[in-house]
A.B. asks: 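First the structure, then my questions, so here it is.
Being a predicted model, the structure only gives us computed values, none of them experimental.
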Amino acid sequence: MHELFAPLRALAREAGNAIMEVRARGFHVEYKADNSPLTEADKASQAVLAAGLGRLLPDVPVLSEEGRDIPFAERRNWTRFLLVDPLDGTKEFVKELGEFCVCVALMEQGFPALGVVHAPVPDRSWFGGPGLGAFRQDGGDPARPVSAREPGPDGLVAVASRSHNTPELDGYLAALPVRERVNSGSAIKFCLVAEGAADIYARFGPTMEWDTAAGQAVVEGAGGSMSLHDGRRFFYNKESLLNPGFVVLGRRTPHGSR
């Protein structure tokens with residue numbers, strides 16, 4: 001399984017370069033039926049990923065944000081598939097913030113087996129999976145292992161969505177020993193927990209399966225966890241691809257944080 005890290009990271013980086021080319025020349029923003037933005041960058045990244053994944057894993061089906069209309073009757077029996085978000089954090093991309101990324105996850109039996117999260121700004125990738133470890137690679141530098149941390153005695157660092165705050169989240173974090181709250185966009189939030197820059201990422205607002213799978217793989221590879229708010233394991237390839245709320249934790253969190 002480790003042998004997939006290098007080609008998937010290279011492919012996600014190529015998709016990221018396509019995004020940056022669109023960003024450099026300017027782009028038009030369309031809006032989908034759910035009022036979420038869609039840009040030429042989403043489409044350019046999707047084209048790179050579709051072609052590359054077809055070459056790398058030709059027998060593995062792909063479920064993508066930009067190719068979501070696969071009937072459940074067709075995908076319900078998939079035991080192995082790729083779950084892809086060609087541009088996670090489109091809102092941040094449109095606002096010309098750097099908090100957007102490319103997400104690719106290999107799913108097995110309904111759970112992430114490995115994932116790659118690539119942030120074109122600043123050309124940084126995180127990748128990993130349960131039992132495989134987790135790693136960060138900056139540009140062309142060698143990859144280095146990362147690890148989720150145990151929270152210190154002075155309290156928790158919580159990372160939260162920049163664009164999707166909710167009153168439920170505010171109340172949830174208010175009940176915890178949070179000393180600092182960091183807002184960020186996209187699946188980069190998972191990676192901050194994975195590399196020990198944050199202790200907890202909780203979500204109550206809506207996300208889709210392709211928003212979370214790659215990040216979950218990296219967090220679990222780093223020794224952290226992701227679960228539903230009631231502690232149950234987070235499952236994928238549901239009939240509805242809309243996610244319930246969840247919490248991502250570092251290695252160990254004080255009692256009462258779940």
A.B. asks: Step through it carefully: locate the ring centre of F235, locate the ring centre of F111, and say whether they are under 6.0 Å apart.
C.D. replies: yes
A.B. asks: Checking Q46 against S64: is there a side-chain donor and acceptor pair closer than 3.5 Å?
C.D. replies: yes
A.B. asks: Distance check, rounded to the nearest 0.5 Å: E14 atom CD versus R9 atom CZ?
C.D. replies: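 One finds 12.5 Å between CD of E14 and CZ of R9.
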A.B. asks: With a 4.5 Å cut-off on side-chain heavy-atom distances among I, L, V, M, F, W and Y, is there a chain of contacts connecting L83 to F72?
C.D. replies: no
A.B. asks: Please list, chain by chain and in numerical order, all residues satisfying side-chain contact (heavy atoms from CB on, under 4.5 Å) with R23, sequence neighbours excluded.
C.D. replies: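 Residues passing side-chain contact (heavy atoms from CB on, under 4.5 Å) with R23: M20, F93, E96, F100, V121.
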A.B. asks: Any idea how F5 and H2 line up, ring-wise: parallel (<30°), tilted (30 to 60°), or perpendicular (>60°)?
C.D. replies: perpendicular
A.B. asks: Just checking F204 against F246, ring centres under 6.0 Å apart?
C.D. replies: no
A.B. asks: Using distance alone, with no hydrogens and no angle criterion, decide if N183 and S161 have a side-chain donor and acceptor under 3.5 Å apart.
C.D. replies: no
A.B. asks: Mark yes when over 12 heavy atoms from residues, nucleotides or ligands other than E74 sit less than 6.0 Å from its CD; otherwise mark no.
C.D. replies: yes
A.B. asks: Would you say R251 and S147 are linked by a side-chain donor-acceptor pair, where the criterion is simply a distance under 3.5 Å?
C.D. replies: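 Distance-only check passes for S147 and R251.
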A.B. asks: Do we see a donor-acceptor contact under 3.5 Å between the side chains of N237 and R75?
C.D. replies: yes
A.B. asks: For the OH atom of Y236 and the CG atom of L63, what is their distance to the nearest 0.5 Å?
C.D. replies: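 It is 12.0 Å, given to the nearest 0.5 Å.
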A.B. asks: Got D199 and V193 here, is their nearest side-chain heavy-atom distance under 4.5 Å?
C.D. replies: no
